[in-house]
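Written out below as structure tokens is the structure these notes cover.
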Amino acid sequence: MTDDIWGVAQNRLKTQVGQNNYVTWIEPLRFRDLQDGILTFDVQSQFMGNWVERYFGDAILREVAAMGEAVDRLSFVVNRSPRPPKSAPATAQEPVPARPAARSRMGQENGLPLEPLYTFDTFVVGKSNELAHAAARRVADSDEVSFNPLFLYGGVGLGKTHLMHAIGWELRNRRPDAKIVYVSAEDFMYRFVRALREKDMMGFKEMFRSIDVLMVDDVKFIAGKDATQEEFFHTFNSLVEQKKQIILSSDAAPGEIDGLEKRIVSRLNSGLVIDIHPTSYELRLGILQRKVEVFGDRWPGARIGDGVLEFLAHKISSNVRELEGALTKLFAHSSFLDREVDLELAQECLRDMLKTVDRRTTIDEIQRKTADHYGIKLADLIGPRRNRVYARPRQVAMYLAKEMTDRSLPEIARKFGGRDHTTIMYGIRQIEKLSATDSALSEDLDLLRKALRWS
Ligand code: ADP
Ligand code: MG
């Protein structure tokens with residue numbers, strides 16, 4: 001893709017998001033590149049990138065895809081002195097909840113800013129994240145380094161970044177003189193590349209090696225980039241030797257990150273590695289209730305009716321970020337229309353979002369992809385044939401249907417030709433058992449999970 005194509009897409013976005021949003025959020029995005037389906041922009045702050053991703057991400061992906069580009073996600077590189085925009089937005093506004101200027105003096109001058117709302121206070125603890133939360137608290141509350149690094153991993157939107165920022169805020173309050181730096185791995189890489197280009201490796205090294213606590217978010221971005229990995233490794237070792245705390249996050253366990261060097265993996269594993277599990281319904285509801293308390297007063301007059309939060313917690317189960325996006329949308333609706341959001345209005349407002357959620361989790365799609373994967377006909381996957389060639393893929397599909405959708409066993413059973421739900425249970429158990437020892441099978445499962453998640 002080129003700058004020009006982005007220019008056209010930008011124009012089309014203007015009509016969708018409205019003039020104000022356009023000037024504030026879309027116009028300042030500087031196209032960097034599109035590679036392997038990842039569309040990257042330069043932005044002035046992490047906050048801006050997050051905001052754009054959250055509220056305009058889908059629209060951007062849709063428009064760029066409509067221009068014939070293969071794109072499946074966005075990424076943002078923070079660059080505080082981006083190239084001048086083609087038509088300088090004279091009215092360029094600070095993002096709405098503006099960051100107080102004082103924050104740039106809070107010892108973060110060399111890292112990325114922390115999001116004010118990502119604190120321990122706003123983090124809701126449940127079974128799925130209690131270990132991660134406890135470890136984060138330990139790091140934030142003690143000056144001794146008892147494990148190094150702390151490595152948090154888990155799926156998208158489960159609170160890794162939130163916890164890291166919470167640690168950052170806490171430490172900055174408790175140890176105002178310490179140099180506490182939070183960066184994304186992308187940002188780390190970007191600085192490294194820039195230092196190389198500007199022949200300022202000394203500055204780069206000094207900056208990173210003089211840190212007291214280093215947090216690097218989404219480390220998988222470093223994987224496969226050899227020179228950056230090398231430098232990361234040195235930085236890492238030098239900080240560990242000086243007994244400085246390091247906290248890292250990723251969407252996968254160290255050993256599961258493709259392209260990450262073995263020695264780095266083993267270094268990472270020598271610390272405390274903790275995963276955050278998918279949320280339960282109760283936790284999602286708890287998070288929503290907390291968000292209403294925290295955000296509610298940003299939306300004058302907004303009223304959310306009975307049962308609406310429960311509805312959201314039930315429907316949007318994959319990712320807390322989406323859950324929040326949905327809540328914000330409802331707040332906005334209610335506030336702008338000065339009308340209470342009841343269940344009906346909620347369904348109406350979120351129709352598009354729920355459609356994609358539903359689509360992502362359909363059993364139909366799981367069945368189709370599984371049949372494809374094993375090279376059998378869909379009818380045979382669902383039908384009665386008992387031959388192992390069909391029965392095993394069928395059980396795989398049952399297993400994935402249980403894992404990846406919120407459907408109950410009877411609902412799944414209905415989708416598999418009206419079998420008894422005990423048959424489904426048996427199938428799921430079978431796969432559970434077999435996949436523990438059969439690596440080809442567990443590889444199949446992984447491939448299918450990936451294929452389904454990205455579709
Ligand atoms: P990740 O970095 O794991 O992809 P984030 O930390 O960015 O996820 O979380 C996504 C959104 O969900 C954030 O706005 C965050 O505040 C919210 N969130 C996730 N988990 C929790 C939680 N347990 N309590 C409160 N908010 C949460
Ligand atoms: Mg994150």
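This chain uses plain numbering: 1 for the first residue, then up along the sequence. Counting starts at 1 for both ligands and their atoms, following the listed order. Note that the structure is a prediction, hence the values are computed from the model and not measured.
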> Is the NZ or CZ atom of Arg137 positioned over Phe120's six-membered ring, under 6.0 angstrom from the centre and within 45° of the axis?
Replying inline: yes
> If you count the atoms of ligand 1 from 1 in the order shown, which ones are under 4.0 Å from a heavy atom of Leu158?
Replying inline: 1 (P), 3 (O), 8 (O), 19 (C), 20 (N)
> What protein heavy atom sits nearest atom 18 (N) of ligand 1, and how far away is it?
Replying inline: Val320 CG1, 3.4 Å
> Just which atoms of ligand 1 are under 4.0 Å from any heavy atom in Val156?
Replying inline: 4 (O)
> Which part of Glu324 is near ligand 1, with near meaning a heavy atom under 4.0 Å away: side chain, backbone, both or neither?
Replying inline: side chain
>> Between His314 and Glu310, do the side chains contain a donor N or O and an acceptor N or O under 3.5 Å apart?
In response: no
> Is it true that the side chains of Ser249 and Asp217 contain a donor and an acceptor less than 3.5 Å apart?
Replying inline: yes
> Side chain, backbone, both or neither: which part of Thr279 comes within less than 4.0 Å of ligand 1 when only heavy atoms are counted?
Replying inline: neither
>> Please list, in number order, the atoms of ligand 1 under 4.0 Å from a heavy atom of Lys160.
In response: 1 (P), 2 (O), 3 (O), 4 (O), 6 (O), 8 (O)
> Quick one: are Arg191 and Val183 in side-chain contact, heavy atoms under 4.5 Å?
Replying inline: yes
> Which residue supplies the protein heavy atom nearest to atom 26 (N) of ligand 1, what is that atom called, and how far is it?
Replying inline: Lys291 NZ, 3.1 Å
>> Does this structure show an ion pair linking Asp372 with Lys369, if we count only N-O contacts that are shorter than 4.0 Å?
In response: no
> With under 30° as parallel and over 60° as perpendicular, where do the rings of His165 and Tyr182 fit, or are they tilted in between?
Replying inline: perpendicular
>> Do the side chains of Asp187 and Arg194 get close enough for a salt bridge, i.e. N-O under 4.0 angstrom?
In response: no
> Which option, Arg321, Arg290, Glu130, owns the non-hydrogen atom nearest atom 7 (O) of ligand 1?
Replying inline: Arg321
>> For ligand 1 and Ile287, I'd like to know whether there is a polar contact (N/O to N/O, distance under 3.5 Å).
In response: no
> Closest non-hydrogen protein atom to atom 13 (C) of ligand 1, residue and atom name please, with distance?
Replying inline: Tyr118 OH, 3.4 Å
>> At less than 2.8 Å, would any N/O/S atom of Thr161, backbone or side chain, sit next to the Mg ion (ligand 2)?
In response: yes
> Just which atoms of ligand 1 are under 4.0 Å from any heavy atom in Asn129?
Replying inline: 23 (N)
> Taking both backbone and side-chain atoms of Leu283, is any N or O found less than 3.5 Å from an N or O belonging to ligand 1?
Replying inline: no
> Got the closest protein heavy atom to atom 4 (O) of ligand 1, with its distance?
Replying inline: Gly157 N, 2.6 Å
> Quick one: nearest non-hydrogen protein atom to atom 23 (N) of ligand 1, plus distance?
Replying inline: Val124 O, 2.7 Å
> Testing Lys244, Arg172, Arg174 for salt bridge (charged side-chain N to carboxylate O under 4.0 Å, His left out) with Asp212, which one passes?
Replying inline: Lys244
> With a distance cut-off below 6.0 Å to the six-membered ring centre and an angular limit of 45° from the axis, does Arg263 pair with Phe233 as a cation-pi contact?
Replying inline: yes
>> Less than 4.5 Å apart, side chain to side chain, heavy atoms only: is that true for Ile5 and Val64?
In response: no
> Is the backbone of Phe331 close enough, under 3.5 Å, to the side chain of Ser334 for a donor and an acceptor to pair up by distance?
Replying inline: no
>> In the structure I gave you, are the side-chain heavy atoms of Pro149 and Leu268 within less than 4.5 Å of one another anywhere?
In response: yes
> Of the protein's non-hydrogen atoms, which lies at the shortest distance from atom 25 (C) of ligand 1, and what is that distance?
Replying inline: Thr122 O, 3.2 Å
>> Only heavy atoms of Phe123, strictly under 4.0 Å: list the atoms of ligand 1 that pass.
In response: 21 (C), 22 (C), 23 (N), 24 (N), 25 (C)
> What protein heavy atom is closest to atom 8 (O) of ligand 1, reported as residue, atom name and distance in Å?
Replying inline: Gly159 N, 3.1 Å
> So which protein heavy atom does atom 6 (O) of ligand 1 come closest to, and at what separation?
Replying inline: His162 N, 2.7 Å
